[in-house]
Amino acid sequence: MNAFEIIGGKKLKGEIQPQGAKNEALQIISAVLLTEEKITISNIPDIKDVNKLIELLGDLGVAVERLSKDTYTFEAKYIDLEFFKSDTFKSKGGSLRGSIMIVGPLLGRFGKAAIPKPGGDKIGRRRLDTHFLGFEKLGAKFVYDAKESFFNVDATNLQGTYILLDEASVTGTANIVMTAVLAKGITTIYNAACEPYLQQLCKMLNRMGAKISGIGSNLLTIEGVTKLGGTEHRMLPDMIEIGSFIGLAAMTESEITIKNVCYSELGMIPDVFRKLGINFELRGDDIYIPSQKHYIIDTFIDGSILTIADSPWPGFTPDLLSIVLVIATQAKGSVLIHQKMFESRLFFVDKLIDMGAQIILCDPHRATVNGIDKQYKLRGISMTSPDIRAGVSLLIAALSAEGTSTIYNIEQIERGYQDIDTRLRALGAQIKRVDGNGPSH
Ligand SMILES: CC(=O)N[C@H]1[C@@H](OP(=O)(O)OP(=O)(O)OC[C@H]2O[C@@H](n3ccc(=O)[nH]c3=O)[C@H](O)[C@@H]2O)O[C@H](CO)[C@@H](O)[C@@H]1O
Ligand SMILES: C=C(OP(=O)(O)O)C(=O)O
């Protein structure tokens with residue numbers, strides 16, 4: 001097992017290029033299963049979750065060719081549906097959240113699919129009802145084997161219909177869309193998630209011959225077609241990485257330029273960081289963040305304490321709340337962080353409290369942060385990363401802290417952030433990879 005050792009308190013400087021978006025990549029790569037023709041995808045992040053999914057597709061029979069570090073071709077001509085029965089599938093399929101999105105396309109194209117209960121972050125209950133209720137509406141039957149934690153789905157005749165999703169699930173919407181594009185007739189999905197990830201997926205599917213309208217809204221209309229063809233696709237920059245780098249600059253008083261951010265796709269993310277008092281400018285399509293000693297959290301118009309909460313897109317993404325929380329610890333002012341979606345994603349604040357941050361965890365969903373306005377620095381400590389975004393938040397805290405910190409379980413961070421230590425060192429960070437399992441508790 002690896003750990004990061006970080007000597008904090010150093011200002012960073014320079015330019016950083018965000019990787020391709022992890023959560024888009026997981027959808028887009030699953031969609032290659034919808035056609036026997038070749039699909040070329042570029043700006044694929046070289047991260048654990050994505051590499052595991054690519055490996056899984058290879059095991060299923062997809063011909064995968066890596067043209068360069070970030071560009072692959074995929075050709076799903078022959079798919080081995082027997083592979084579902086193997087132990088390899090049970091262990092690999094269950095190891096990442098994104099694997100759930102192979103179900104929709106396989107069901108659409110072959111009328112059957114299976115998946116072990118997928119992994120991903122342990123950040124609370126992560127149900128899959130929306131996915132399977134959607135497949136059921138389209139005419140599929142599913143069986144959940146609770147003993148084996150395994151889902152089997154079958155359909156002889158997929159028929160388009162009206163589907164009101166029980167919640168605007170991101171991967172659920174992607175999965176149902178990927179089935180409906182090959183179902184007969186018209187499917188209407190209301191309360192659809194509409195993140196840029198999904199917009200990118202729908203645009204790619206249309207280039208493959210699908211007929212999807214309403215892209216970017218919560219009402220998608222899909223006219224089923226019988227066959228889809230090949231295409232080319234380029235991933236957007238990862239908006240969660242972009243937000244993480246804004247946070248990093250603010251906490252470490254660094255002057256950083258984040259290159260080629262596709263600003264128009266960032267929704268309200270920039271506004272939320274501005275509410276925390278962070279200054280930055282848009283230069284072309286780059287975000288330039290000057291070194292700033294102090295940043296002051298806004299209040300609401302009536303002077304009351306600001307709340308930053310997550311909600312489905314175009315609301316603020318839950319994946320950036322941990323970053324927002326850590327930035328607030330060094331700001332002037334207070335903020336209530338309300339993590340509405342996940343019930344175990346704020347527990348990492350204990351580590352920030354150990355580092356000297358002023359935070360009250362009100363309940364599993366809410367934490368109040370009293371920013372200390374850099375009156376003193378956080379202290380470096382040893383800690384274990386509980387999930388991907390908490391991990392990066394702790395990394396940012398460690399880079400801003402006085403002294404040495406060690407972060408264990410960095411596999412969590414590395415499932416979503418490409419070469420993060422190398423890229424941070426290029427900005428002047430003192431971070432190195434060391435061996436270590438960390439504390440057992
Ligand atoms: C691989 C991938 O793409 N993962 C992302 C995806 O996960 P994923 O697609 O698994 O997440 P969902 O959108 O299904 O749901 C996330 C959580 O929010 C709750 N929920 C969802 C919708 C809603 O209207 N109300 C509500 O409370 C769900 O019950 C669940 O607890 O979307 C999440 C929410 O943006 C992100 O955190 C994950 O990084
Ligand atoms: C929670 C996340 O990922 P996953 O859904 O893959 O666990 C995330 O990217 O923040």
Side-chain angles (χ1 to χ4, degrees), residues 19-31 45 47-53 93-104 115 117-134 164-178 189-201 218 235-236 238-244 267-269 309-325 338-346 348 364-365 385-393 411-418 420:
Q19 69 189 26
K22 160 179 149 311
N23 287 346
E24 178 185 336
L26 297 169
Q27 300 189 6
I28 294 290
I29 292 169
S30 302
I47 51 177
K48 286 222 162 75
D49 269 21
V50 166
N51 294 336
K52 277 190 201 167
L53 181 62
S95 71
L96 75 152
R97 184 82 187 158
S99 60
I100 183 66
M101 285 180 294
I102 68 170
V103 176
I115 197 76
K117 193 165 182 256
D121 278 339
K122 300 285 171 268
I123 47 185
R125 286 172 299 157
R126 304 194 69 179
R127 64 196 184 88
L128 291 168
D129 303 46
T130 311
H131 302 238
F132 290 97
L133 294 176
L164 173 58
L165 299 186
D166 68 333
E167 59 177 26
S169 166
V170 175
T171 52
T173 304
N175 238 340
I176 296 165
V177 166
M178 288 192 275
I189 308 175
Y190 194 26
N191 197 23
C194 58
E195 270 75 358
Y197 314 132
L198 272 152
Q199 299 177 31
Q200 288 281 100
L201 173 72
N218 67 351
M235 233 69 77
L236 285 173
D238 195 306
M239 60 182 175
I240 314 297
E241 252 211 7
I242 295 167
S244 308
M268 69 167 66
I269 293 172
D310 57 341
S311 61
W313 193 271
F316 189 63
T317 165
D319 296 346
L320 276 173
L321 273 185
S322 309
I323 313 282
V324 164
L325 188 149
H338 194 163
Q339 169 66 257
K340 294 183 181 171
M341 293 195 193
F342 296 103
E343 61 230 347
S344 316
R345 221 174 185 178
L346 290 181
F348 81 104
H365 287 278
S385 160
D387 70 71
I388 171 175
R389 308 302 170 191
V392 167
S393 304
E411 285 69 23
Q412 272 295 359
I413 300 178
E414 294 191 311
R415 76 182 186 83
Y417 291 79
Q418 175 177 319
I420 190 70

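Indexing begins at 1, ligand by ligand and atom by atom, following the structure's order. Values below: all heavy atoms of this structure, side chains included; hydrogens, waters and symmetry mates excluded.
A donor-acceptor pair under 3.5 Å links the side-chain atoms of Gln199 to the main chain of Cys194, judged by distance alone. Ser169 contributes no side-chain N or O that, together with a main-chain N or O of Thr130, makes up a donor-acceptor pair within less than 3.5 Å. Checking side-chain atoms of Gln19 against main-chain N and O of Pro45 turns up no donor-acceptor pair under 3.5 Å.
Heavy atoms of Ile240 found under 4.0 angstrom from ligand 2: none, in either backbone or side chain.
Every atom of ligand 2 is numbered from 1 in the order shown, and the set under 4.0 Å from a heavy atom of Arg126 is 4 (P), 5 (O), 7 (O). Close approach to Arg389 involves these atoms of ligand 2, each under 4.0 Å from a residue heavy atom: 8 (C), 9 (O), 10 (O). Listed by number with element, the atoms of ligand 2 under 4.0 Å from a non-hydrogen atom of Asp319 are 8 (C), 9 (O), 10 (O). The contact set between ligand 2 and Ile388, taken as ligand atoms under 4.0 Å from a residue heavy atom, comprises 8 (C), 10 (O). Here is the list of ligand 2 atoms found below 4.0 Å of a heavy atom in Arg97: 4 (P), 5 (O), 6 (O).
Within the 4.5 Å cutoff, no side-chain heavy atoms of Leu165 are placed close to those of Tyr190. For the pair Ser311/Lys340, no side-chain contact is recorded, criterion being any heavy-atom separation below 4.5 Å from C-beta on. Within the 4.5 Å cutoff, the side chain of Ile240 has heavy atoms near those of the Thr317 side chain. Proximity of Gln27 to Val170: side-chain heavy atoms (C-beta onward) are separated by under 4.5 Å at one or more points.
In this structure, Arg345 counts as a contact residue of ligand 2, since one of its heavy atoms falls inside 4.0 Å of the ligand.
Ordered by chain and residue number, the residues placing a heavy atom less than 4.0 Å from ligand 1 are Asn23, Leu26, Arg97, Arg125, Arg126, Glu167, Ala168, Ser169, Val170, Thr171, Pro312, Pro318, Asp319, Met341, Phe342, Arg345.
For Glu343, the salt bridge (Lys or Arg N to Asp or Glu O under 4.0 Å) criterion is met by Arg125, not counting sequence neighbours.
Tested against Tyr417 for a side chain to side chain contact (heavy atoms under 4.5 Å, CB included), the candidates Lys22, Gln412, Lys48, Arg389 yield a single pass: Arg389.
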